[in-house]
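A short worksheet on the structure shown next.
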Amino acid sequence: MRKKKTAVRVIFFYLLLTAGVYMFLESCSNSYNRLSEEKIAPASIVIDGNKASVSILENEVSFSTEILSPESDFYFVSYLLSSDDIRSMAYCISFMSSNL
């Protein structure tokens, strides 16, 4: 009986923390500056051709994505060594990015 109570408590606290973090991130991403109506974005990513830019709290990092192209040897080897879940996720991402 004691193990059931402990398991229920762990699940309850996990759900409570997950919901709290989700609400915090949602409120941060939807908050606006009261003076200029400029939307505050804590993180964003822009992919343009073979270049990607990641911006986190006004700090920006750019890097090349040529290693992730389907013609790359690294892409082929990592695709063969990856699990089925990762392969299906990569397929969905590549399908969605090709339709944009």
Side-chain angles (χ1 to χ4, degrees):
M1 185 69 175
R2 182 161 172 88
K3 288 184 181 181
K4 273 187 173 179
K5 286 183 180 179
T6 306
V8 169
R9 285 182 184 157
V10 167
I11 291 170
F12 174 74
F13 284 120
Y14 172 76
L15 293 174
L16 184 69
L17 287 173
T18 304
V21 168
Y22 174 76
M23 287 187 295
F24 174 74
L25 291 175
E26 187 69 24
S27 66
C28 282
S29 65
N30 291 331
S31 64
Y32 290 88
N33 186 343
R34 294 182 188 263
L35 298 175
S36 68
E37 295 295 326
E38 181 182 350
K39 188 171 183 178
I40 299 169
S44 66
I45 184 167
V46 177
I47 300 173
D48 185 26
N50 290 337
K51 194 171 195 176
S53 298
V54 178
S55 176
I56 300 174
L57 295 176
E58 299 180 8
N59 295 321
E60 188 169 331
V61 176
S62 298
F63 55 91
S64 175
T65 59
E66 291 178 1
I67 196 167
L68 301 175
S69 68
E71 293 82 20
S72 171
D73 292 336
F74 175 77
Y75 180 85
F76 180 69
V77 171
S78 62
Y79 182 80
L80 290 177
L81 295 176
S82 63
S83 66
D84 291 338
D85 297 335
I86 295 174
R87 286 183 191 174
S88 62
M89 187 64 70
Y91 177 74
C92 290
I93 291 171
S94 66
F95 179 73
M96 292 179 73
S97 66
S98 66
N99 288 336
L100 294 176

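Hydrogens, waters and symmetry mates are skipped; everything else that's a heavy atom, side chains included, is used.
- In this structure, the side chains of Leu16 and Phe13 come closer than 4.5 Å at one or more pairs of heavy atoms.
- To the nearest 0.5 Å, the span separating OG on Ser55 from CD on Glu60 amounts to 5.5 Å.
- Separation of atoms CE (Met89) and OG (Ser83) is listed at 10.0 Å; rounding is to 0.5 Å.
- Phe24 and Val21 fall within a single hydrophobic cluster, where Ile, Leu, Val, Met, Phe, Trp and Tyr side chains are chained together by heavy-atom contacts under 4.5 Å.
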